[in-house]
Amino acid sequence: MKWVYVEDIGKHVGEEVCIKGWVYHLRSIGKVCFVVVRDGTGIIQCVVTQADSPEAFAAFDSLTLETSCEVTGVVREDRRAPGGYELLTGSLKIVHRSEDYPITPKEHGIAFLMERRHLWLRSSRQNSILRIRAEVMRACRDYLDERGFVEVDAPILTPASVEGTTTLFETDYFGERAFLSQSGQLYNEAACMALGKVYCFGPTFRAEKCKTRRHLTEFWMLEPEIAFANLEDIFQVAEGLVCYIVERVLERHMRELENLGRDIARLEAIESPFVRITYDEALEILAQEGHRIEWGEDFGGDEETILSSAYEKPVFIHRYPVKAKAFYMQPDPENQELAMCTDMLAPEGYGEIIGGSERIHDLGLLERRLEEFGLPREPFEWYLDLRRYGSVPHAGFGLGIERTVAWICGIRHVREAIPFPRLIYRVYP
RNA sequence: UCCUCGGUAGCUCAACGGUAGAGCAUCCGGCUGUUAACCGGAGGGUUGCAGGUUCGAAUCCUGCCCGGGGAGCCA
């Protein structure tokens, strides 16, 4: 018997096929039973009657949610079936009977679901989110690969921090201290001096004790870095990348977006050019909205929400005060108090998804900054070497995958945008 | 870490000082086109833990544990 996946079922109308999957839903009205089976690619309703499938009909009462099974039957188009196709069941073989599956089609609290994340992944909503996540990651690689970037992996175990202020996960490394990477950027800078255009893509770790819908302690970041590039180049790559990601998801995952109830028009509106405003202009907008913040302070969640809700498309905010940003950022030649940096805020209140900058390429200035930020010199010696041997202006940025996925999917919290989220009070499962 | 809300049946919640309740899930029965099907019946509880106040505590007080929402920070 030919094994087919539900996503291809439309190509087999009238044929007898085998579906392998799990019981997703059960309904009976006496002489006719409906077994809805999911196989990871979709769901299909299997119709079971005494006449067509006496054995399966007799076994119906013993079926339970998430019992794994192999169903054979003839594919039929039927408007009454969810998805438009159904299987006239001939036989139903139980692979393994599931006992007391805890997640029912009814409502559950978030704590209950997070505790059972390993099972929650089976639901159609999580299925859609994970498929879109995979597409976002594929689109990131395709966009950069097609433009001559080389993927160069950065280490996860590192001797020093990238941004001194941020808390790091510390680990014992054969008697020495090592930290889980909070960014691949420093290594990217070395790699771009070797290969010109590079990116790294992997998990990063931040031991910040923060509990908001946009924070994880372990999250994935895409970080391109380009030798001889400036802030203008960063604007262009970042904008092109984000447009490409959205376009790809719209092109290949309309079904998933609809399943999530996403307002498609909001995504279709995402196209070049994006608005660019300076930090100073952002302060004026915030003041108009009644939010006064001191010059020099970074924006908080409230400020980001106001700014990102003000536009239909993502918006760049550039030239933040140097003192609000990381030690390695190049100052603006026209105003030494400003950094040549930019954040990209996603619309609809989603906030920051990208942070990037020109990097300091002058050895003396970088040494002074390390000192000003109170960072130890020794772990950064190799990084300083990059400024000793053919230093060039260069720039790069980081794109947060979970925040991007949450925005595209229209979900409130980043914890659903990663298969197994790590949060301040959760490392299980 | 701080602020704030919460923890009652397998799940989601009600009862707010006077005998512990509903819907769903589970089990039993009925129904030939259901869409989170529907109808009838049954079982199911040391009210997060420890102390205190009271004739009487799920309810009020104290401490602890666990979780939700938010903040500093950031992608």
Side-chain angles (χ1 to χ4, degrees), chain A residues 24-36 43-52 57 60-62 64-65 76 78-84 86 88 99-116 123-124 162-168 182-185 201-223 238 297-305 320 324-326 343-346 350-356 397-407 412-415 417-418 423-426 428:
Chain A
Y24 193 63
H25 203 74
L26 292 162
R27 284 186 291 269
S28 162
I29 53 160
K31 299 282 194 301
V32 182
C33 307
F34 301 93
V35 182
V36 180
I43 62 168
I44 186 162
Q45 170 168 284
C46 304
V47 184
V48 181
T49 61
Q50 171 85 54
D52 295 326
F57 186 81
F60 179 85
D61 283 346
S62 67
T64 56
L65 288 187
R76 191 173 74 174
D78 194 312
R79 275 188 300 122
R80 293 169 297 186
E86 63 183 17
L88 292 177
E99 300 277 358
D100 299 320
Y101 187 68
I103 301 177
T104 63
K106 286 289 172 181
E107 72 245 67
H108 298 286
I110 193 67
F112 181 86
L113 291 168
M114 290 296 293
E115 198 69 18
R116 292 158 186 80
S123 74
S124 87
V162 176
E163 292 157 32
T165 54
T166 313
T167 326
L168 296 161
Q182 62 181 185
S183 165
Q185 184 201 312
F201 198 3
T204 48
F205 306 86
R206 305 218 174 150
E208 295 158 1
K209 291 193 169 175
C210 73
K211 227 168 85 60
T212 78
R213 72 188 133 112
R214 44 177 76 146
H215 287 89
L216 296 164
T217 57
E218 177 178 334
F219 65 97
W220 282 63
M221 193 154 59
L222 174 78
E223 297 176 89
E297 280 178 44
D298 205 347
F299 303 131
D302 288 350
E303 288 80 27
E304 271 190 17
T305 302
Y320 284 71
K325 290 291 176 181
D343 286 353
M344 185 198 287
L345 308 188
Y350 278 91
E352 186 175 354
I353 56 172
I354 280 178
F397 66 89
L399 169 78
I401 294 301
E402 289 75 18
R403 288 183 181 180
T404 303
V405 170
W407 161 52
R412 258 190 80 69
H413 200 298
V414 291
R415 66 188 161 208
I418 185 167
L423 299 151
I424 175 167
Y425 294 126
R426 184 166 299 284
Y428 177 93

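Here is how names work: the chains are called A, B, and so on, in the same order as the sequence lines, proteins then strands, and each is numbered from 1. Quick note: numbers below take in every heavy atom, side chains included, and nothing from hydrogens, waters or symmetry partners. These figures come from a predicted structure and were not determined experimentally.
Spacing between B:rG17 and B:rU53 at atom C1', rounded to whole Å, works out to 12 Å. Atom P of B:rG6 sits at a distance of 15 Å from the matching atom of B:rC16, rounded to the whole Å. The same atom, C1', is picked in B:rA57 and in B:rC49; the two are 16 Å apart, to the nearest Å. Between B:rA20 and B:rG44, the distance separating the two P atoms is 15 Å to the nearest Å. Separating the C1' atom of B:rG21 from that of B:rA15 is a span of 7 Å, rounded to the nearest Å. The P atoms of B:rG43 and B:rG23 are separated by 14 Å, rounded to the nearest whole Å. Taking the P atom of each, B:rA22 and B:rA9 are spaced 14 Å apart, rounded to whole Å. B:rG51 and B:rG10 have their P atoms separated by 24 Å, with the value rounded to a whole Å.
Nearest-nucleotide positions on RNA chain B place A:I29 closer to the 5' end than the other of A:E352 and A:I29. Toward the 5' end of RNA chain B, the nearer of the two residues A:H108 and A:D343, judged by each one's closest nucleotide, is A:H108.
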Salt bridge (charged side-chain N to carboxylate O under 4.0 Å, His left out) between A:R415 and A:E402, intermediate numbers included:
CA-CA 8 Å; A:R415 66 188 161 208; A:E402 289 75 18; over 6 Å; no
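If you check B:rG33, B:rC74, B:rC11 against the side chain of A:R206, the one that comes closest is B:rC74. Distance from the side chain of A:M221 is smallest for B:rA75 among the nucleotides B:rC11, B:rU34, B:rA75. The side chain of A:P105 lies closest to B:rA36, out of B:rU34, B:rA71, B:rA36. Nearest to the side-chain atoms of A:E208 among the listed nucleotides B:rC74, B:rC11, B:rC31 stands B:rC74. Comparing B:rU1, B:rG33, B:rU32 against the side chain of A:K31 picks out B:rU32 as the nearest.
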Polar pairs (N or O, both sides) under 3.5 Å between protein and nucleotides 63-69 of chain B?
from: B:rG67; atom 1: OP1; to: A:Y425; atom 2: O; distance (Å): 3.2
from: B:rG69; atom 1: OP1; to: A:R415; atom 2: NH1; distance (Å): 2.9
from: B:rG69; atom 1: OP1; to: A:R415; atom 2: NH2; distance (Å): 2.6
from: B:rG69; atom 1: OP2; to: A:R415; atom 2: NH1; distance (Å): 3.3
from: B:rG69; atom 1: N7; to: A:K211; atom 2: NZ; distance (Å): 3.0

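Between the OH atom in A:Y101 and the CD atom in A:E99 there is a gap of 14.5 Å [rounded to 0.5 Å]. To the nearest 0.5 angstrom, A:I354 atom CD1 is 7.0 Å from A:T404 atom OG1. Summarising the geometry, atom CG belonging to A:L345 is positioned 9.5 Å from atom OG1 belonging to A:T305; distances are rounded to the nearest 0.5 Å. For the atom pair CD (A:Q45) and CG (A:L88), the distance works out to 10.0 Å, reported to the nearest 0.5 Å. A:L423 contributes atom CG, which lies 11.5 Å from atom NE2 of A:H215 (distance to the nearest 0.5 angstrom).
Rounded to a whole Å, the CD atom of A:Q182 is 15 Å from the P atom of B:rC73. Between the P atom of B:rA71 and the CZ atom of A:F299 lies a distance of 16 Å, rounded to the nearest Å. Taking atom CG of A:L168 as the reference point, atom C1' of B:rC73 lies 13 Å away to the nearest angstrom. Between A:R27 atom CZ and B:rA25 atom P there is a gap of 12 Å when expressed in whole angstrom units. What separates CG of A:D78 from P of B:rU32 is a distance of 19 Å, to the nearest Å. Rounded to a whole Å, the CD1 atom of A:I424 is 14 Å from the P atom of B:rA71. Note: CD (A:E107) to C1' (B:rC11) measures 8 Å, nearest angstrom. Rounded to an integer number of Å, the gap from CD1 of A:I401 to P of B:rA75 is 14 Å.
Counting any heavy atom pair closer than 4.0 Å across all strands shown, A:H215 reaches a base atom. Using a 4.0 Å heavy-atom criterion, one finds that A:E218 contacts no nucleic acid atom at all. Residue-level contact check: A:F34 touches the bases, meaning some heavy atom is under 4.0 Å from a base atom. Among the protein residues, A:I353 comes within range of the sugar-phosphate backbone only, with heavy atoms under 4.0 Å from sugar or phosphate atoms but none that close to a base. Using a 4.0 Å heavy-atom criterion, one finds that A:G351 contacts no nucleic acid atom at all. Note on A:D298: only backbone sugar-phosphate atoms sit closer than 4.0 angstrom, heavy atoms only; bases stay farther off. Residue-level contact check: A:Q45 touches the bases, meaning some heavy atom is under 4.0 Å from a base atom. A:E223 comes within 4.0 angstrom of no nucleic acid atom, judged by non-hydrogen atoms across all strands. Residue contacts shown for A:S28 include a base, since a base heavy atom lies under 4.0 Å away.
Considering only heavy atoms from C-beta on, A:D298 stays 4.5 Å or farther from A:E303 through its side chain.
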Given Watson-Crick and G-U pairs under 3.5 Å, RNA chain B in dot-bracket ([ ] crossing, | other strand) is (((((((..((((....[..)))).(((((.......))))).....(((((..]....))))))))))))....
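The shortest heavy-atom contact between A:K31 and A:F57 is O-CE1, 3.4 Å. Taking all atoms of both residues into account, the shortest heavy-atom contact from A:V32 to A:F34 is CG1-CZ, 3.7 Å. Residues A:M344 and A:A238 come closest through the heavy atom pair CE-O, 3.7 Å.
For the side-chain hydrogen bond (donor to acceptor under 3.5 Å, both in side chains) criterion with A:R214, the lone passing option out of A:H413, A:E352, A:E304 is A:E304.
By the salt bridge (Lys or Arg N to Asp or Glu O under 4.0 Å) test, A:D302 pairs with no residue at all, sequence neighbours left out.
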